[in-house]
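Working notes, beginning with the structure itself.
Chain naming here is simple, since letters A, B, ... match the order of the sequence lines and numbering starts at 1 in each.
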2 protein chains.
Amino acid sequence: MTVSKTAEKSAEKAAEATKGRKDPPEALAEALQLGELSEQLGYVLKRAQLKVFENFLRCVASLQLTPAQFSVLLLVEKNPGRNQTEIASTLGILRPNFVAMLDNLESRDLCARIRSTNDRRSHILVLTDKGKAVLARAKKLVASKHEARLNDLLGTANREALIAMLSKIANEF
Amino acid sequence: MTVSKTAEKSAEKAAEATKGRKDPPEALAEALQLGELSEQLGYVLKRAQLKVFENFLRCVASLQLTPAQFSVLLLVEKNPGRNQTEIASTLGILRPNFVAMLDNLESRDLCARIRSTNDRRSHILVLTDKGKAVLARAKKLVASKHEARLNDLLGTANREALIAMLSKIANEF
DNA sequence: CGATATTTGATATGGTCCATAACAATTATC
DNA sequence: GATAATTGTTATGGACCATATCAAATATCG
């Protein structure tokens with residue numbers, strides 16, 4: 001609560017410093033110096049991730065799919081007959097949180113839970129025909145709009161190198 | 001709610017498919033195929049970001065600093081005399097959400113808000129001496145543990161290339 | 001000048017995502 | 001056959017993010 005003596009002193013200096021350069025009303029505020037921040041991997045990684053997700057959402061807006069939902073559909077398509085625990089855990093989703101996600105996808109008739117005949121505790125996941133169709137359309141949108149954008153920005157070789165490095169970090173860090 | 005006919009049929013096939021390979025009790029569950037997922041930028045970006053943040057937290061655990069708090073301290077140190085709105089907006093933090101963050105940092109005597117003499121609405125932000133000391137120690141920990149780890153994994157040249165590409169995405173995507 | 005609009009920090013609030021505990025049904029273990 | 005473990009589920013709380021709103025201070029403009 002109380003401000004230290006030294007903080008007060010440096011604060012006075014800081015307040016003074018702004019006095020001299022009182023901006024004329026229409027002046028643009030000077031951009032802040034990012035400094036070491038622009039070299040911080042976590043910082044730039046987070047900001048890039050937000051931008052990529054944002055762009056992804058725009059590209060598949062017509063299908064109303066989030067990145068997480070897209071990843072579920074992709075994984076179920078590639079691994080039919082797996083149960084909720086298996087799909088969720090490979091995506092890093094906790095089982096309790098996966099329930100609502102599946103409720104959503106199932107209510108939109110994109111995938112279905114089926115009680116396994118082997119183990120009647122587990123639900124086997126399958127894409128519906130509509131789910132397959134929507135996923136196919138999503139893939140096309142992602143390739144033509146989302147990935148194409150990235151290729152324009154970085155070039156194909158760099159894009160592949162980027163994904164390889166990120167995979168390495170995700171798996172071995 | 002109701003499962004489509006086609007979904008039921010493919011479900012039967014899926015359930016049957018698992019019947020043949022009922023695992024012997026001690027068998028390891030086969031890893032799922034990621035398929036196209038491992039080529040999805042958003043997916044690998046998100047997972048890499050989580051790993052990096054996790055590692056960052058471990059490296060500076062002794063200082064109890066999150067990546068977001070670290071970025072605030074860095075930016076305030078580099079840009080003394082700026083107000084809350086300026087610091088928050090360059091970090092992509094909304095002003096309302098920045099209040100609690102500053103309450104935290106201020107209660108730990110790492111930074112201080114000072115009413116500006118120019119504009120008595122705004123609070124000028126300054127690092128306290130303790131804040132400067134903690135930030136200096138944090139920088140050393142990050143450099144020696146966090147970044148060093150990344151250099152070991154990718155090599156210095158690749159690390160720089162990675163950060164450059166991520167910056168490009170963050171700024172131009 | 002003075003009325004109105006804008007800005008700043010702050011509060012309240014709701015949404016989404018993430019994590020843990022607990023439970024019933026089912027299956028595995030011994 | 002008693003006990004333990006697993007599966008899907010619910011409930012719940014925390015962290016983070018976004019919007020509306022407010023009082024105080026300042027800017028704008030008649």
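Results of the salt bridge (Lys or Arg N to Asp or Glu O under 4.0 Å) test with A:E77 over A:K132, A:R82, A:K139 single out A:K139 as the only residue that passes. Shown are A:R47, A:K46, A:Q40; of these, the side-chain hydrogen bond (donor to acceptor under 3.5 Å, both in side chains) with A:Y43 is made only by A:R47.
Judged by distance alone, the side chain of A:E160 and the main-chain N or O of A:A157 form no donor-acceptor pair under 3.5 Å. Under the 3.5 Å distance criterion, the side-chain polar atoms of B:K78 are left unmatched by any main-chain donor or acceptor of A:L34. The main-chain N or O of B:S116 is never found under 3.5 Å from a side-chain atom of B:S122 such that the two would form a donor-acceptor pair. Between the side chain of A:R137 and the backbone N or O of A:S62, no donor-acceptor pair lies under 3.5 Å. The closest donor-acceptor contact from the side chain of B:E86 to the backbone of B:N83 lies under 3.5 Å.
In this structure, the CZ atom of A:R82 is 12 Å from the P atom of D:dT7, given to the nearest Å. Rounded to whole Å, the distance from CG on B:L57 to P on D:dA15 is 13 Å. Rounded to an integer number of Å, the gap from B:N104 CG to D:dA15 C1' is 13 Å.
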Quiz prompt | Where protein sits on nucleotides 13-18 of chain C, one letter per nucleotide: B base, S sugar-phosphate only, - none, heavy atoms under 4.0 Å | solution = -----B

Practice problem: Classify every nucleotide of nucleotides 1-10 of chain C by which part a protein heavy atom approaches to under 4.0 Å, writing B for the base, S for the sugar-phosphate alone and - for neither, in 5'-to-3' order. | Solution: -----BBSSB

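Using the six-membered ring where Trp is involved, A:F56 and A:F70 have ring planes that are tilted, between 30° and 60° apart.
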